[in-house]
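Here's the structure we're looking at; comments come further down.
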Amino acid sequence: MTAQEAVITEQVKNKKTKDRITETALRLFAANGFSGTSMQDIAAELGITKAALYKHFSGKQEIFDSIICRMQEKDYENAHSCGVPEGTIEEMSDSYASVSPESIIAFSKEMFRYWTEEEFPSLFRKMLTLEQYSSAEMRELYCQYISSGPLEYVRDMFFSVYSDADSAKAAALEYYGPLFLLYSIYDTSEDKPAVTAAADRHIDSFFDRNRKVKELNGNRKNYKVRDMTNMTNNMNSDNIIIRHETEDEHRAVETLVRESFWNVYRPGCLEHFVLNQLRNDPDFVKELDYVMYKDGRLIGQNIFMKAVIKSDDGRDIPIMAMGPICIANDLKRKGYGKLLLDYTLERAAELGCGAVCFEGNIDFYGKSGFSEASNYGIRYHGLPEDADASFFLCKELIPGYLNGITGEYAPPSGYFVDEQKAEEFDRQFPPMEKLVLPGQLF
């Protein structure tokens, strides 16, 4: 076995172990509650020591976060497979305007089985039902996944055939209300297939008798999303603003980036210094320097840099690199990052950018159309041919832009920094503790 194969084998083994820990913890959370379950309880259930458990997760919250991440990934998979929108109506207005009754029916039946028959989501639903009164976070998650979240999702799909939002919501309540009730009936029923059959009958009969919803494929009202610089969205905000960064915001944005990346990839971080240096780099794209505000509070940012692919035929293919991109820590995994990412990618496309390459997590960025750059025949500079390059991602903003091109990408030089200078720069900010944590890369 080569060294690279050994690394891959170890990574697979670690993933299986972390999946087993996550699944075991969820079973305990569903039975005893999150607060009623300790790391010692999880370790005992797994038959391992508490110290061994801490090698994979820093605590219960990190385990819980991994559960949420898995649920988010599955949500996108389910929506995509059934042909219904994967994001909010602000993100995907065209998809909401073209969704078919058949897609909604298939999705609704699939989701009822998903939440009742599949072990992981069923336990997740039971945990949130149990824990919704324990904290604001749990209550918000219960609403997002089980109650008001699905109701608003259906309302948005019905919006195009109703004269106003109230009528669309009333129809959504008539549709989703019985399904919500049947979840509880299912849990205590001795004849679970009969409950599933009742859910199917309700879904079919609703579309059979509801003339308005039948018109989903017929005459539609034109739904237009308000400009992103002042729009209302489905994330409990009346004022989301995405606009260009101004010079007097530089330090506030650097502070946000610092707090977002602190102890994530290394003890401390370099990203706020990288951002500071890139603003004066000749490859910096000032037109794509964006900040995001929620209710007047700075919560996110993203930037782009000019870059090239050194094509194997000798050409320099112009593309862009991206980041650092970040969202405030307390708002991560709530959809704001994808909202910011998709908006800024659209603006890059409007400027004529053909493709974007950068380093990131495919589990998140794949939801916005990124894939591993190797799928396009693009190699990462200086990386051995057999090395794991799953971190190196690419997205075409102009379809077919990279057709017939193979070559090597080198990150813009501005991304490489003097760590000693970065340390000196960091002293301008309030002190924060540097920690060595599981999952860090450096």
NZ/NE/NH1/NH2 to OD/OE distance under 4.0 Å, E118 and R70: no
Ring centers of F284, F304 separated by less than 6.0 Å: no
Side-chain donor-acceptor contact under 3.5 Å, Y176 with S108: no
Pairing of R297 and D330 as salt bridge, 4.0 angstrom limit: yes
Separation of K395 NZ from I319 CD1 (nearest 0.5 Å): 14.5 Å
Atom CZ of F391 with >12 non-hydrogen neighbours under 6.0 angstrom: yes
Heavy-atom pair with the smallest gap, counting every atom of Y145 and M71: OH-CB, 3.9 Å
Side-chain heavy-atom pair T406, S311 within 4.5 angstrom cut-off: no
Chi angles and distances behind the side-chain hydrogen bond (donor to acceptor under 3.5 Å, both in side chains) call for Y380, E359: CA-CA 10 Å; Y380 192 81; E359 302 159 40; 2.5 Å; yes
Distance-only side-chain donor-acceptor flag, T116 / S122, under 3.5 Å: no
R27 and E119 ion-paired at < 4.0 Å: yes
N/O donor to acceptor pairs below 3.5 angstrom from side-chain atoms of residues 40-47, sequence neighbours left out:
from : atom 1 : to  : atom 2 : distance (Å)
D41  : OD1    : S38 : OG     : 3.4
D41  : OD2    : S38 : N      : 2.9
D41  : OD2    : S38 : OG     : 3.1

Member of R258, E419, K421 meeting the side-chain contact (heavy atoms from CB on, under 4.5 Å) criterion with F273: K421
Carboxylate-amine/guanidinium proximity below 4.0 Å for R279 and E254: yes
Salt bridge flag under 4.0 Å for residues D65 and K332: no
Lys/Arg cation over aromatic Y343: R347, 6.0 Å, 45° cone: yes
Any side-chain donor near an acceptor of the partner, H272 and D426, under 3.5 Å: yes
Enclosure of Q420 CD (heavy-atom neighbours >12, cutoff 6.0 Å): no
pair C394-L402: side-chain heavy atoms closer than 4.5 Å: yes
NZ or CZ of K18 within 45° of F57 ring axis and under 6.0 Å: yes
Under-4.0 Å salt bridge between K306 and D281: no
Six-ring centre of F34, K60 cation under 6.0 angstrom, axis tolerance 45°: yes
K334 vs E140, salt bridge (Lys or Arg N to Asp or Glu O under 4.0 Å): CA-CA, chis, key distance, verdict: CA-CA 11 Å; K334 295 184 179 181; E140 182 179 344; 3.5 Å; yes
Minimum-distance pair of heavy atoms, taken over all atoms of P412 and D283: CB-OD2, 4.5 Å
Among M127, E131, Q132, the one residue meeting side-chain contact (heavy atoms from CB on, under 4.5 Å) with Y142: Q132
Pairwise distance NZ(K126) to CG(D187) - rounded to 0.5 angstrom: 5.0 Å
More than 12 heavy atoms from other groups under 6.0 Å of NZ on K192: yes
Pair S58-E62, side-chain donor/acceptor within less than 3.5 Å: yes
Parallel, tilted or perpendicular: rings of F112 and Y186 (30°, 60°): perpendicular
Check ion pair R266-E271 (N to O, under 4.0 angstrom): no
